[in-house]
Amino acid sequence: MNPRIWTDRGTARFLATLDRLTDDELSASTRLDGWTRRHVVAHVHGNAEALRRLLSWAATGVENRMYAGPEQRSAEIEELSALPAGELRALVHRSASRLGADMDALPEDAWDIPVVTAQGRTVPAAEISWMRAREVWVHTVDLDAGVTFADLPDDLNAALVVDAASKQANKGNAARLAEWLTGRTANAPELTPWL
């Protein structure tokens, strides 16, 4: 399956999972330390807006970074997570829709334009679909509302494993990961945060 299909299906799954939660349940904790469901929803909204900035960069050639810096991202998440539940829900639905429309509108040749991720990697704009797919699916699990990695498509999980293993290997965990993934040890390595 291609990343854009994963993005569309993951977005639908995230929004459906969110919409099943009551307003009170939005304040519950998640699988992410220190984040409530409200924080996860605010982050998914912010991610859509940040990726829209990258799409704008690809479309116009005018540099438009995802965030001014990590402080901006964190401040936005905190601020938006405090919104009334209805406003927060409407915000994430609207940004998801706008991101999809921007992806649909991007000219074919613009998908090759290099943009810079929040981690400072230069990638072709085509990477944006995978970046969003990864966000919506993993954060659907993070909501801790009945969706687990076992509910995700197998090919998506395989892609997540490759992506996460690569990032962990680049952080100095390659040998321990190789030992564990090849079944040479039953002890999983202690890993740093993925993104």
For residues [X] and [Y], report the shortest heavy-atom separation together with the two atoms involved.
X	Y	value
T140	G10	OG1-O, 4.2 Å
R20	E25	O-OE1, 4.1 Å
L15	A96	CD1-CB, 4.2 Å
A59	L106	CB-CD1, 3.6 Å
D112	P124	O-CB, 4.1 Å
L21	A145	CD2-CB, 3.8 Å

Does [X] come within less than 4.0 Å of [Y], counting only side-chain N to carboxylate O?
X	Y	result
E135	R132	no
D163	K167	yes
R65	E63	yes
D23	R89	yes
R31	D144	no
R13	D8	no

So does D33 have more than 12 non-hydrogen atoms from other groups sitting under 6.0 Å from CG?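 No, not enclosed.
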
Return yes when atom CG of D104 has more than 12 non-hydrogen atoms of other residues, nucleotides or ligands closer than 6.0 Å, and no otherwise.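 Yes, because the 6.0 Å sphere around CG of D104 holds more than 12 heavy atoms from other groups.
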
If a pair satisfies ring pair (Phe, Tyr, Trp, His ring centres under 6.0 Å) and one of its residues is in residues 43-90, list it, with sequence neighbours excluded.
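Every pair satisfying ring pair (Phe, Tyr, Trp, His ring centres under 6.0 Å) with a residue in residues 43-90: W35-H43, H43-H139.
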
With clusters defined by side-chain heavy atoms of hydrophobic residues (ILVMFWY) lying less than 4.5 Å apart, directly or transitively, does [Y] cluster with [X]?
X	Y	answer
W137	V92	yes
M66	L80	no
L54	L99	yes
M103	L156	no
L152	W130	yes

Rounded to the nearest 0.5 Å, how far apart are [atom1] of [X] and [atom2] of [Y]?
X	Y	atom1	atom2	result
Q72	I77	CD	CD1	10.0 Å
S74	E71	OG	CD	7.5 Å
R9	T11	CZ	OG1	12.0 Å
S29	R38	OG	CZ	14.0 Å
E190	R176	CD	CZ	8.5 Å
T117	Q119	OG1	CD	4.5 Å

Going by heavy atoms in the side chains, are [X] and [Y] under 4.5 Å from each other?
X	Y	value
H39	L32	no
S56	N64	yes
L55	W111	yes

Looking only at atom types and distance, does a side-chain atom of [X] sit under 3.5 Å from a main-chain N or O of [Y], one as donor and one as acceptor?
X	Y	value
S166	V162	no
S95	L91	yes
R184	T182	yes
E127	V123	no
R37	L26	no
N2	I5	yes
S97	H93	no

Which of these passes side-chain contact (heavy atoms from CB on, under 4.5 Å) with L18: V40, V41, L88?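 Answer after filtering V40, V41, L88: V41.
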
- Task: Could you walk me through whether V115 and T122 pass side chain to side chain contact (heavy atoms under 4.5 Å, CB included), step by step?
- Result: CA-CA 6 Å; V115 296; T122 300; over 6 Å; no

*asked:* Run F149 and L160 through side chain to side chain contact (heavy atoms under 4.5 Å, CB included) and show every step you take.
replied: CA-CA 10 Å; F149 283 99; L160 285 170; 4.1 Å; yes

| Intermediate values then yes/no, side chain to side chain contact (heavy atoms under 4.5 Å, CB included), W6 and S129 | CA-CA 8 Å; W6 283 338; S129 293; over 6 Å; no

